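Each ligand, and each atom within it, is numbered from 1 in the order the structure gives. Source: prediction; values computed, not measured. Heavy atoms only: backbone and side chains are in, while hydrogens, waters and symmetry mates are out.
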Amino acid sequence: MAATRRLSHSVAVITINHPPVNALSHSLRRSIAKEFGDASKDSSIEAIVLCGANGNFCAGADIKEFGSSTLDSVSLNNINDAVERCQKPVVAAIEGVALGGGLELALSCHYRVANVQARVGLPEVLIGILPAAGGTQRLPRLIGIPAALDMIVRGRHVPATEALQLGVVDEVVKANTIDAAIQLARKVLGEKYNHH
Ligand SMILES: CCCCCCCC/C=C\C/C=C/C(=O)SCCNC(=O)CCNC(=O)[C@H](O)C(C)(C)COP(=O)(O)OP(=O)(O)OC[C@H]1O[C@@H](n2cnc3c(N)ncnc32)[C@H](O)[C@@H]1OP(=O)(O)O
């Protein structure tokens, strides 16, 4: 299991990979933290795209690890804070699902591009917990309190087109989601250079 990285010119693409649904196990969180930290520090990298393998961005916490002692040793909150604070543009490329901690990770990115088939949501309430990795702050900031509360208390899966209308994602594409995210990252970099 790894969050692998490949370079596409000056854009690093970090792939979250834990079959079948990229659930955030302890070792996956450790791997994301390492890859993201390396990419943040690498001066040849100007922007970062986060995406998921296996047709999904990330289904959130690894339910199979609930009750184990590894839960807190690499905190998703710390990863999300590092992503949000990153000086380089960070774009989430969302295919399949971004649920729970997976959506919280995507919300920490500076931009989100979703495939038209994707779904996003905070389904924590359905398993008796509340979003605890920044979702209750970042989602209302992005889309306002009423719409965020509706998602949080119902735990429903929101289709990409509705997520676009609500403002959860910035762009919806029919295909080539990662390429679209790379293009958006390059566009943001171009704007940055044009302003200096
Ligand atoms: C209590 C403290 C927890 C601390 C954890 C620390 C790290 C995380 C930090 C912050 C907290 C975050 C909390 C959350 O994210 S809670 C939300 C968790 N996610 C969910 O509730 C999603 C549940 N899954 C689904 O809704 C669906 O499975 C699906 C939409 C992702 C896919 O549906 P479908 O295509 O119909 O496939 P299956 O349902 O059959 O699932 C396929 C396969 O995948 C396994 N699986 C699905 N979700 C998870 C998961 N979250 N963790 C582990 N495994 C998952 C499922 O069990 C199937 O496996 P198989 O039976 O072996 O084939």
With heavy atoms only and a cut-off of under 4.0 Å, state how [X] meets ligand 1: side chain, backbone, both or neither.
| X | value |
| --- | --- |
| A61 | both |
| A59 | both |
| R29 | side chain |
| L126 | neither |

Legend entry - Polar proximity ligand 1 side, L99 side, N/O cut 3.5 Å exclusive: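 No: no nitrogen or oxygen of L99 is under 3.5 Å from one in ligand 1.
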Legend entry - Geometric N/O contact P123 with ligand 1, under 3.5 angstrom: no
Legend entry - Per atom 49 (C) of ligand 1, closest listed option by heavy atom (L76, L122, V21): V21
Legend entry - For atom 15 (O) of ligand 1, the option (of G155, G121, G101, P131) bearing the nearest heavy atom: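 Selected option, by shortest heavy-atom distance: G101.
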Legend entry - Electrostatic pair E162-R156, nearest N-O below 4.0 angstrom: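 Salt bridge between E162 and R156, a charged N being under 4.0 Å from a carboxylate O: yes.
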Suppose I only count heavy atoms of [X] and a 4.0 Å limit; which atoms of ligand 1 are within that range?
| X | result |
| --- | --- |
| G100 | 15 (O) |
| K64 | 54 (N), 57 (O), 59 (O), 62 (O) |
| A23 | 50 (C), 52 (N), 53 (C) |
| P20 | 43 (C), 44 (O) |
| I127 | 16 (S) |
| G60 | 15 (O) |

Inset, instruction - Mind checking side chain to side chain donor-acceptor pair (under 3.5 Å) for H110 and listing every partner two or more places apart, or none if nothing turns up? - result: none
Inset, instruction - For N22 and A53, indicate whether the former's side chain and the latter's backbone hold a donor-acceptor pair under 3.5 Å. - result: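 Here the side-chain-to-backbone pair exists.
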Inset, instruction - Please confirm whether the backbone N or O of V97 pairs with a side-chain atom of N56, one donor and one acceptor, at under 3.5 Å? - result: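 Pair found, side chain donor or acceptor close to backbone of V97.
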Legend entry - Same apolar cluster (I L V M F W Y, side chains within < 4.5 Å links), L142/L164: yes
Inset, instruction - Decide whether L99 and I143 are clustered together by the hydrophobic rule: side chain heavy atoms of Ile, Leu, Val, Met, Phe, Trp, Tyr closer than 4.5 Å, transitively. - result: no
Inset, instruction - Report the residues that fulfil salt bridge (Lys or Arg N to Asp or Glu O under 4.0 Å) with E171, sequence neighbours left out, ordered by chain and then residue number. - result: none
Legend entry - CD1-CG distance between I94 and L103, expressed to the nearest 0.5 angstrom: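 I94 CD1 to L103 CG: 6.5 Å, rounded to 0.5 Å.
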Inset, instruction - Using side chain to side chain contact (heavy atoms under 4.5 Å, CB included) as the criterion, point out the one residue from E84, Q137, R138 that pairs with L107. - result: R138
Inset, instruction - Count the heavy atoms belonging to other residues, nucleotides or ligands that lie under 6.0 Å from CD1 of I145, then report whether that count exceeds 12. - result: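 Result for CD1/I145: open.
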Legend entry - Contact with ligand 1 for A132, non-hydrogen, under 4.0 angstrom: no
